[in-house]
Amino acid sequence: MDRRKFVAGLGALAGGSALATGTGAFSSVEAGRNLSVSVADDSNAYLGIEALDDEYIDATDGTLDIALTEANATDEGGEGINANAVTGISDLFKITNQGSQNVDVFAQPLTFIQADIDSGVESIAVFLTPQDPDYNFLFDVIPIEPTTIPGSIAYKNVDPGNELRFGLTAFAAPDTATGTVEINNSISITAEPNAEENP
Amino acid sequence: MKRRSFVIGLGTVAAGSAAAVGTGAFTSVTAARDVDVSVADDASGYLGLSADGEYVTDDSGSGQVGLNLGGTDAADRTDGGEAFNRQATTTVEDVVTVEHQGSGTSNEVAVSFDGSQSTTFQLKTSSDGTEAEVTLDFGTDTTSSPLTPGESVGIDVTVDTDADVTDPVETADVTILGSTDDVGGGGGGGG
Amino acid sequence: MSDAPTVNDYEEAAEKELDIKQEDRDAINTTLEQVFNGGSNE
Amino acid sequence: MERRKFVVGLGALASGSAAAMGTGAFSSVEADRTISVEVADDSNAYLRLQGAGGVNSDYVTSDGTDGVLEINLDSGNDSIAGDGDGVNPDAITKIDDLFVVENQGTQEVEITLNKSGDNDGLATFYIDDYSTTLDGTDLTAGASETISLEIDTEGSGLTGGDEILDSVTFNADEV
C-alpha cells in the first residue's frame, strides 16, 4: 500500500487546522429522539453489541460505551489520543444480528467534531469507521433526513448471525489540543427488519 | 444530495457464518513533532572551537577553525613577523580554545585529540618546502580535565623545524573530541 | 476490492465542509483505510 | 426510496424477552451508546513521547508532560547550559538518551519515522548504543525505548545557520 509521505512542512498537523466552521459540535443526536436504551445485556440482545477490545470500551454499566479517556486508561496507562496526530483503532466493537430476521442496521452519526471556538485553532474530529465485513453488503454513507441526523452508515439485509465490525479514526490538531477539546457524545445504532425479506 | 454507496466484496457468504473475529484492537498513531536541529559555526557549536591571532584561519568561511602555521609569505601575517625559525622548536600557547557549550549544568565533557592528549603530524610549507614536526597538546598547565558547560581548555602548538621528517604533507586534519564517555561515570554526550 | 470511506465521504454524509488541510486529509484517509482493513491486512 | 425511520418503545426488550411479534422478531431496536474521546499529553497518550531527563534535557524544550514533546538543537533554544547554538560543522554529534517512546496502546506496533528538514538525512535516531535505529523498531504493548540522536555533518559542507531537521513524524502501526 503506497504510504504517502504526509507531513510536508513544519508540522503540517501543527498548522492549527480548525475543523468546524460551525459553532461547536454539530453532530449531536437530535435531542427529541435521544432514547437511551438499557438492554439487559448487550451481548445477547437481538442487536448484539460487543466490545472487541475491552480496554477502549467501558462496559461497566452493562452497555458498551466507547471511552478513549483518562478515566478508562489502557492497561499500559494510555489515557487518550496524541495531539497533533491521527489515531486509528480498529476492531473496537461489533454489532451482531442475533434476531431471526434479516435486518437493515444503521449507525449514526459518523462524524464527531469539536473546535475551540474562542481560539479557533484547536480541534478534534472522530470518525466512526466501518470495517470491511466479509460478505456482500450494500453499505451506504447516506444522509438521513438531511436536516436532523447528519448521515449514517446503513447496512442493508444483514442475515441473522452476521456481524459488523467498527473502529474509530481520530484526529486532533494542533499540539495545543491537549485538554482543550474532547468529544462527549453518543452513537445511535438502529436495526429494522429488511422490508423485502420480511414482507 | 448525491448518495455515496459502496458495495463491499462480491459473492455472498452463507448466513450465520461468523466473520473472522479481529485480533483485538489495532492502534495506529501518526504524530508530527517539532524537532529543530541546525548547524552552528565552530565558535558557537556545542563543542566550541574558537581562536584568534594570526595563526588561525577561518578557511573559506566554512565556520570551521583552521590553523595556518606559516603564511605562503611572511607578509600575510598581521604583525609582519617571520615564519617559524629554522632549526628551532617554537611553542605557541592557546592557539585554539575548546569550550563546552553543550547541555547539562553538571555534564562533564573530556576534550581530547580523538582520545589522546596530544597529536603530532609532519608538515612542509607550500612555499619553500621547509619541513617541520608539529605537535598539538593541552600544554603543561592545562591538562584536559573534564569541562562543565562554560569551561574551556587551550590548545598549544609546538613547531619543531629541526626534527627529521619523513613524508610531510601540506595540510593535516585534526580531530577534536568532546565526550562524556571519557569522563568517569559516563552520562550524556554533549557533542 | 472494497474501498474505505474517506474524509470527503464523511463530509458528504454530514453535508458539512470540514476545514482540514490536504496533508492532514491524506493522513486521516491513510488511517481510515488501515482501520477499514482491520489494521494488519493493508 | 423515501426513508422513514421509526422507533418503537423499547422497554419491552429490556429483559431480552420477545417483542409482541414473536420470538426474535422485533420492529426496531435503537441503542444509543456514548462515545468519549480525550486528547492526552504526550506523556500519557497511546503513543507516549517524553523527554528522558538527565544531562541532555536542555535540548528538550517541551518534555511532553504538558502538551507535546519538542526538541530544539538550534539558536532558538536558549536554555542550553553552555549557550551553544547547534551542532558543529564537519563533526559527528551524539546526544545520548534524549527522549522515551512507549507503546501505551493495546497492540504491538512498528515505529517508522518521516523526517523533514533541509538535511534530514544527516540525523538518525537510535534505540541503543548507536547501532539499532528507532525507525523499524517493534514495540509490544507496554514496551518502551530510550532514544539517542546522532547528527553527522562530516564532509557535508554545511555551515552555521544551515538547517538539518525541522520536524519528525512518528508512525506506530500494527505489526
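The shown structure was predicted, so the numbers you read here are calculated from the model rather than taken from an experiment. Every chain is numbered from 1 and lettered A, B, ... according to where its sequence line falls, protein lines coming before strand lines.
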Exercise. Verify the distance criterion only: is there a donor paired with an acceptor across the side chains of Thr106(D) and Asp53(A) at less than 3.5 Å?
Key: yes
Quiz item: For the atom pair CD1 (Ile35(D)) and OG1 (Thr69(A)), what is the distance rounded to the nearest 0.5 Å?
Solution: 11.5 Å
Quiz item: Once you round to the nearest 0.5 Å, how far does CG of Asp91(A) lie from CD of Glu174(D)?
Solution: 7.5 Å
Quiz prompt | Rounded distance (nearest 0.5 Å) linking atom CD1 of Ile81(A) with atom CD of Glu38(D) | solution = 10.0 Å
Quiz item: Measuring heavy-atom distances to chain A, does Asp66(D) have an atom under 4.5 Å in its side chain, in its backbone, in both, or in neither?
Solution: neither
Quiz prompt | Value rounded to 0.5 Å, distance of OG1 in Thr34(D) from CD1 in Ile66(A) | solution = 8.0 Å
Self-check item: Heavy-atom contact with chain D under 4.5 Å, split by part of Leu168(A)
Solution: side chain
Practice problem: Heavy atoms only: give me the nearest Glu30(D)-Thr190(A) pair and the separation to one decimal. | Solution: CG-OG1, 3.7 Å
Quiz item: If every non-hydrogen atom of Ala172(A) is compared with every non-hydrogen atom of Val39(D), which pair is closest and at what distance?
Solution: CB-CG2, 3.8 Å
Self-check item: Structural part of Asn184(A) lying under 4.5 Å from a heavy atom of chain D
Solution: both
Quiz item: Going by atom types only, do Ser36(D) and Glu182(A) share a side-chain donor-acceptor pair under 3.5 Å?
Solution: no
Quiz item: For the candidates Ala83(A), Ala67(A), Gly77(A), which exhibits the highest count of non-hydrogen atom pairs separated by less than 4.5 Å from chain D?
Solution: Gly77(A)
Quiz item: Roughly how far apart are Leu47(D) CG and Asn82(A) CG, rounded to 0.5 Å?
Solution: 5.0 Å
Quiz item: Between Thr178(A) and Gly67(D), what is the shortest heavy-atom contact and its length?
Solution: OG1-CA, 3.8 Å
Quiz item: Taking every heavy-atom pair that is under 4.5 Å apart, which of Ala172(D), Gly142(D), Ala45(D) has the most such pairs with chain A?
Solution: Ala45(D)
Quiz prompt | Rounded distance [0.5 Å steps], CG in Asp41(D) versus CG in Asp175(A) | solution = 11.5 Å
Self-check item: Over 12 non-hydrogen atoms of neighbours within 6.0 angstrom of CD in Glu70(A)
Solution: no
